[in-house]
Protein chains: 2
Amino acid sequence: MPDVKGELRPLDTRPGETRPAAGAGLLFLREEELRAAQDLLFFAYRDFTGAADEVLAGLGMGRAHHRALHFIGRNPAIPVSDLLAILHITKQSLARVLTALVEDGYVIQQQGQTDRRQRLLTLTARGEALERQLFERQRERLAHAYREAGAGAVDGFRRVMRGIMDGDARQYLDRGSR
Amino acid sequence: MPDVKGELRPLDTRPGETRPAAGAGLLFLREEELRAAQDLLFFAYRDFTGAADEVLAGLGMGRAHHRALHFIGRNPAIPVSDLLAILHITKQSLARVLTALVEDGYVIQQQGQTDRRQRLLTLTARGEALERQLFERQRERLAHAYREAGAGAVDGFRRVMRGIMDGDARQYLDRGSR
DNA sequence: TAATTATGGCAGTAATGTTGACGTAGCTGG
DNA sequence: CCAGCTACGTCAACATTACTGCCATAATTA
């Protein structure tokens with residue numbers, strides 16, 4: 001565990017909490033660094049999703065609808081089971097939003113050709129339009145962040161984010177799409 | 001709203017990747033890049049929070065409790081209003097988890113000295129222990145990601161994450177702590 | 001044919017969030 | 001000093017999103 005990352009920050013302005021006394025200085029710095037990452041993930045995710053939430057609220061939908069739209073859009077003709085595996089939610093939770101999306105004409109279900117039990121999910125033109133509208137809100141933030149941070153930073157961002165997620169999520173991302 | 005985008009998307013098996021599509025090549029790549037970032041944020045956040053959720057479930061608590069513990073831990077003697085501003089939830093939503101945390105002895109409320117209307121929130125030793133237990137789960141992932149990605153990547157990660165969040169979130173992070 | 005798989009559906013529950021209204025104590029400015 | 005604002009608490013009602021468990025159907029597979 002090479003966590004010898006000396007920077008010697010004498011802690012912030014406050015003297016309290018988590019006083020490991022003396023020799024744990026380096027260890028403490030590393031911890032602060034990781035706690036700061038917790039903050040980053042919280043705020044970035046909060047504001048990133050918040051951008052789309054505003055639009056969704058006006059349509060009587062929530063984040064769950066957006067997530068479904070997003071992954072169906074990126075994986076046309078995706079079977080329900082694959083979508084469940086991506087979202088890590090239960091069948092019933094997905095069914096709720098999926099029913100709404102189909103009824104409102106955002107998604108169509110088609111019977112699978114190789115396996116006729118499957119209901120392959122695809123966005124309609126209407127669904128693509130909505131997904132795009134939601135994407136545009138988030139796009140602004142991302143484009144801003146990417147532009148401001150620069151190409152090298154973006155690569156680092158990608159690498160760290162991949163490292164945080166589970167192996168099967170990385171695997172999913174690696175396989176192009178389907 | 002430009003939803004001219006009729007049914008014309010014949011590329012069934014593979015949506016993105018190397019779609020020249022005439023002169024819009026560069027623009028398209030940029031879009032794919034940003035959509036990939038949506039994926040990254042979803043999976044990283046999903047698995048990052050999931051790590052702590054396992055512990056929380058065993059204690060009959062949820063993410064909301066963890067978020068409160070985290071920010072109280074990082075800001076001892078924080079007034080309720082400040083915590084509300086960080087979490088972006090309503091007073092009532094916070095009150096629910098806060099009541100539980102106080103009743104279970106994880107958090108103490110102390111009257112403010114300069115402004116006696118304030119209830120300053122601080123973790124008890126028990127609260128610190130729980131927060132630490134939750135942190136440890138996430139720490140593994142973060143440490144793994146940071147180690148694997150390298151110091152340069154971590155810097156890029158930080159810069160991009162900061163770019164995604166709102167200005168006031170950046171401001172909060174910049175002020176050290178309180 | 002029997003077992004498994006993919007999917008759908010129903011019932012009930014929990015966690016988290018919302019709005020709106022009301023109350024109380026304490027601070028602050030004219 | 002009083003009026004008004006602020007910080008906080010609380011109650012009621014409701015929506016979204018998640019969960020578990022159970023049952024059903026159709027299609028694939030061994």
Side-chain angles (χ1 to χ4, degrees), chain A residues 42 45-46 49-50 52-72 77-104 107-122, chain B residues 42 45-46 49-50 52-72 77-104 107-122:
Chain A
F42 171 74
Y45 195 77
R46 183 197 71 175
T49 54
D53 285 348
E54 295 169 8
V55 178
L56 289 162
L59 296 169
M61 293 195 279
R63 269 181 215 176
H65 300 82
H66 187 194
R67 287 194 285 263
L69 283 173
H70 171 78
F71 285 107
I72 294 171
I78 186 177
V80 173
S81 55
D82 285 16
L83 190 52
L84 285 174
I86 289 172
L87 297 174
H88 280 192
I89 57 175
T90 58
K91 194 175 50 170
Q92 292 75 6
S93 294
L94 178 57
R96 199 183 311 121
V97 299
L98 218 46
T99 300
L101 291 174
V102 170
E103 280 179 357
D104 292 355
V107 170
I108 48 168
Q109 293 177 316
Q110 290 167 295
Q111 196 171 47
Q113 294 182 337
T114 63
D115 186 337
R116 290 183 306 175
R117 291 171 304 178
Q118 293 183 331
R119 310 293 170 89
L120 306 180
L121 308 169
T122 306
Chain B
F42 172 74
Y45 195 77
R46 182 197 71 174
T49 55
D53 286 348
E54 295 168 9
V55 178
L56 290 162
L59 296 169
M61 294 195 279
R63 271 183 215 175
H65 300 82
H66 186 192
R67 286 196 284 264
L69 283 173
H70 171 79
F71 285 107
I72 294 171
I78 186 177
V80 173
S81 54
D82 284 16
L83 191 51
L84 285 173
I86 289 173
L87 297 174
H88 281 192
I89 58 176
T90 57
K91 194 173 48 167
Q92 292 75 4
S93 294
L94 178 58
R96 202 181 301 126
V97 298
L98 218 46
T99 300
L101 291 174
V102 169
E103 281 179 356
D104 292 354
V107 171
I108 48 168
Q109 294 177 316
Q110 291 167 294
Q111 197 171 47
Q113 295 183 335
T114 63
D115 186 338
R116 287 184 308 174
R117 291 171 305 177
Q118 293 183 331
R119 311 291 169 90
L120 306 180
L121 307 169
T122 307

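In what follows, every chain begins at residue 1, and chains take the letters A, B, ... in the order their sequences are listed.
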Round to a whole Å and report the spacing from [atom1] of [X] to [atom2] of [N].
{"X": "B:R119", "N": "D:dC8", "atom1": "CZ", "atom2": "P", "answer": "8 Å"}
{"X": "A:D53", "N": "C:dT18", "atom1": "CG", "atom2": "P", "answer": "11 Å"}
{"X": "A:L120", "N": "C:dG8", "atom1": "CG", "atom2": "P", "answer": "11 Å"}
{"X": "B:L83", "N": "D:dG9", "atom1": "CG", "atom2": "P", "answer": "11 Å"}
{"X": "A:Q109", "N": "C:dA6", "atom1": "CD", "atom2": "C1'", "answer": "12 Å"}

Q. When you measure from the side chain of B:R117 to the backbone N and O of B:Q111, does any donor-acceptor pair fall under 3.5 Å?
A.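 Checking the backbone N and O of B:Q111 against the side chain of B:R117, no donor-acceptor pair under 3.5 Å is found.
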Q | Check: B:T122 side chain, B:A77 main-chain N or O, donor-acceptor pair, under 3.5 Å | A |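 Pair found, side chain donor or acceptor close to backbone of B:A77.
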Q. Does A:Q118 put a side-chain nitrogen or oxygen below 4.0 Å from OP1 or OP2 of D:dA26?
A.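 No, because none of the side-chain N or O atoms of A:Q118 sits under 4.0 Å from OP1 or OP2 of D:dA26.
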Q. Are OP1 or OP2 of D:dT6 and a side-chain N or O of B:S81 less than 4.0 angstrom apart?
A.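 No, because none of the side-chain N or O atoms of B:S81 sits under 4.0 Å from OP1 or OP2 of D:dT6.
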Q | Strand contacts (DNA chain D) in residues 87-102 of chain B, 4.0 angstrom heavy-atom criterion | A |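 Here the set is B:K91, B:Q92.
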(Q) Near DNA chain D, counting only heavy atoms under 4.0 Å, which residues of residues 60-69 of chain B show up? (A)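 The stretch gives none, as no residue of it lies under 4.0 Å from the strand.
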Test salt bridge (charged side-chain N to carboxylate O under 4.0 Å, His left out) applied to [X] - qualifying residues, sequence neighbours left out:
{"X": "B:D104", "answer": "none"}
{"X": "A:R116", "answer": "none"}
{"X": "B:E54", "answer": "B:R137"}

Q: Output all residues satisfying side-chain hydrogen bond (donor to acceptor under 3.5 Å, both in side chains) with A:T99, sequence neighbours left out; order by chain, then residue number.
A: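 With neighbours one apart ignored, the set is empty.
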Q | All side-chain hydrogen bond (donor to acceptor under 3.5 Å, both in side chains) counterparts of A:S93, not counting sequence neighbours | A |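 Counting only residues at least two positions away or on another chain, A:S93 forms a side-chain hydrogen bond (donor to acceptor under 3.5 Å, both in side chains) with A:T90.
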Q | Pairwise distance CG(A:L121) to CD1(A:I78) - rounded to 0.5 angstrom | A |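 It is 7.0 Å, given to the nearest 0.5 Å.
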**Q.** Pairs meeting criterion side-chain hydrogen bond (donor to acceptor under 3.5 Å, both in side chains) with involvement of residues 61-70 of chain B, two or more places apart
**A.**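 Residue pairs with at least one partner in residues 61-70 of chain B: A:Q38-B:H70, A:D39-B:H70, B:T49-B:R63, B:D53-B:R63.
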Q. Do you know which two heavy atoms are closest between A:L101 and A:A68, and how far apart they sit?
A.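 It is CD1-CB, 3.8 Å.
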(Q) Quick check on the helix from C:dT1-D:dA30 to C:dG30-D:dC1: what's the angle between its two end axes, five base pairs per end, to the nearest 10°? (A)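 Here the local axes at opposite ends form an angle of 30°.
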Q | Under 4.0 Å protein heavy-atom contacts per nucleotide of nucleotides 25-30 of chain C, with B for base, S for backbone only and - for none | A | BBS---
**Q.** Partner set under ring-ring contact (aromatic ring centres under 6.0 Å, His included) for B:F42, not counting sequence neighbours
**A.**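 With sequence neighbours excluded, B:F42 shows a ring-ring contact (aromatic ring centres under 6.0 Å, His included) to A:F71, given in chain and number order.
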Q.
Using the side chain to side chain contact (heavy atoms under 4.5 Å, CB included) definition, which of the options A:I108, A:V107, A:L120, A:I86 pairs with A:I72?
A.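 That would be A:V107; it is the only one of A:I108, A:V107, A:L120, A:I86 passing the side chain to side chain contact (heavy atoms under 4.5 Å, CB included) with A:I72.
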Q. Going by the salt bridge (charged side-chain N to carboxylate O under 4.0 Å, His left out) test, which pairs reach into residues 88-98 of chain A, not counting sequence neighbours?
A.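 Residue pairs passing salt bridge (charged side-chain N to carboxylate O under 4.0 Å, His left out), neighbours aside: none found.
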